[in-house]
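Worksheet for the structure shown next.
Side chains included, hydrogens not; waters and symmetry mates left out as well; all remaining heavy atoms used. Keep in mind that what you see is a predicted model, and the values were worked out from it rather than measured. Residues take their numbers from the sequence shown, with the count starting at 1.
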Amino acid sequence: MKGQIIVGVQRQTEAIMPIGTVSLTGLKCDCICYECKGTLEAVLNTTRRKHFRHSNRGNCNPTPETELHLLAKKIILDHNRINIAHKGIVTYADPVTEVWYKDVIPDATIIIDGLPFYIEIVVTNPINSEKYLKYKSDLSPVLVITLSEVDRDLDYEALTDLVLNDRTNRHMLSYADQLIKKVEDDKFSWWPWGILAGLAIWLLNRNIPKDRRIRRRRRF
Ligand SMILES: [Zn+2]
């Protein structure tokens, strides 16, 4: 889905700029496109929805999914309280986004009670298995926030509420399903041995009458 650009990046600070936070119009906003890094103009004096446009019309057509992802990360950076599925609303410190952790880049890392806590924002792509296995290797606490059903035209305040407070769109990354599956896999791997054992028992049982027959013959 394509649409008007509503998120820019401040050229100097590299801060994410939702169009609602921009006050300088046109090139004065000094923003660039998050996708192609091209210069953006802020279109603020419009009777329709405020937006950005590329100053040099090229082929760049940034996706709204990326905008949603960027906005969600900015919201986490700008606040210090979030609803984490199992504990309700907690206070966090030192939020960072896109910082490496064990060969993966969590969307956001926050500190809760002195410990790192990770946040993944799912818009289009679910967490890939490589990332999942890295998290699972030390049972990292990971909150998954799903924004795939979110209306792209949602205003910034409503999106803030969805990212920080909504209870229905989040869950803690579960490692239990995988543990159960592992146990099932282990059980499953016993079946060839079961068949071999069965075969051995059958062969032994088959041989017993033969032995008895031989012994009987010798008696005569
Ligand atoms: Zn662009």
Side-chain angles (χ1 to χ4, degrees), residues 1 3 6-7 9 14-21 34 62-187:
M1 197 180 95
I6 53 161
V7 180
V9 178
E14 296 187 352
I16 301 297
M17 301 289 288
I19 190 70
T21 65
Y34 55 84
T63 58
E65 288 81 3
T66 310
E67 292 190 332
L68 207 50
H69 210 257
L70 285 170
L71 286 174
K73 286 188 282 191
K74 177 177 169 52
I75 287 164
I76 292 165
L77 284 177
D78 289 350
H79 293 80
N80 68 347
R81 282 167 69 73
I82 190 165
N83 190 327
I84 56 172
H86 58 308
K87 282 188 184 167
I89 291 180
V90 298
T91 302
Y92 61 87
D94 304 328
V96 291
T97 56
E98 307 282 344
V99 172
W100 286 92
Y101 153 76
K102 289 186 76 169
D103 305 330
V104 297
I105 307 178
D107 288 332
T109 306
I110 57 179
I111 304 294
I112 297 175
D113 295 333
L115 296 170
F117 184 98
Y118 307 96
I119 301 174
E120 291 292 336
I121 298 144
V122 172
V123 179
T124 41
N125 303 317
I127 296 170
N128 67 43
S129 57
E130 190 194 2
K131 209 171 193 182
Y132 177 84
L133 290 172
K134 291 274 165 55
Y135 281 137
K136 190 188 163 208
S137 66
D138 62 357
L139 302 179
S140 308
V142 181
L143 178 68
V144 182
I145 303 175
T146 305
L147 296 178
S148 53
E149 302 296 319
V150 168
D151 177 7
R152 314 289 180 194
D153 285 333
L154 201 68
D155 67 52
Y156 190 60
E157 284 69 30
L159 184 62
T160 302
D161 192 50
L162 271 181
V163 171
L164 299 177
N165 301 323
D166 192 274
R167 269 183 295 176
T168 61
N169 65 1
R170 66 201 57 218
H171 65 273
M172 292 300 293
L173 195 60
S174 166
Y175 306 113
D177 291 350
Q178 292 293 310
L179 292 176
I180 290 164
K181 191 173 180 303
K182 172 112 182 37
V183 170
E184 281 170 356
D185 286 351
D186 288 349
K187 270 188 206 156

Minimal non-hydrogen separation, K87 against D113, with atom names: NZ-OD2, 4.4 Å
Within-4.5 Å side-chain heavy-atom neighbours: I110 and L143: no
Derivation of the side chain to side chain contact (heavy atoms under 4.5 Å, CB included) call for I82 and V90: CA-CA 6 Å; I82 190 165; V90 298; 4.3 Å; yes
Residues K134, D103; criterion side chain to side chain contact (heavy atoms under 4.5 Å, CB included); working and verdict: CA-CA 8 Å; K134 291 274 165 55; D103 305 330; 3.6 Å; yes
Option passing side chain to side chain contact (heavy atoms under 4.5 Å, CB included) with K131 (candidates V142, L173, V104): V104
Y156 side chain reached by I75 side chain, heavy atoms, under 4.5 Å: yes
Salt bridge (charged side-chain N to carboxylate O under 4.0 Å, His left out) between D78 and K74, intermediate numbers included: CA-CA 6 Å; D78 289 350; K74 177 177 169 52; 2.8 Å; yes
Contacts of N80 that satisfy side-chain hydrogen bond (donor to acceptor under 3.5 Å, both in side chains) - sequence neighbours left out: none
Y92 side-chain N/O to I76 backbone N/O, donor-acceptor pair under 3.5 Å: yes
Nearest non-hydrogen partners of P116 and P141, listed with the distance: O-CG, 3.7 Å
Spacing of CG belonging to N125 relative to CD belonging to E120, to within rounding of 0.5 Å: 11.5 Å
Nearest atoms (heavy-atom pairs only) where L164 meets R170: O-NH1, 3.7 Å
Shortest non-hydrogen separation from R167 to N83 and the atoms involved: CG-ND2, 3.1 Å
Taking every non-hydrogen atom, the tightest pair across I121 and D107: N-OD2, 2.7 Å
Atom CD of E98: over 12 foreign heavy atoms under 6.0 Å: yes
4.5 Å side-chain heavy-atom contact, Y175 and S140: yes
Ring center gap for Y101 and Y118 short of 6.0 angstrom: yes
Main-chain N/O of I6 paired with E67 side-chain donor or acceptor, under 3.5 Å: yes
Within-4.5 Å side-chain heavy-atom neighbours: I112 and I84: yes
Pairwise distance CD1(I145) to NE2(H69) - rounded to 0.5 angstrom: 10.0 Å
Check: L159 and L68 side chains under 4.5 Å, non-hydrogen atoms: yes
Atom pair CZ (F117) and OG1 (T109), whose distance is rounded to the nearest 0.5 Å: 11.0 Å
Donor-acceptor pair, side chain of T146 and main chain of S148, under 3.5 angstrom: no
Nearest heavy-atom neighbours spanning A85 and H171: CB-CA, 3.9 Å
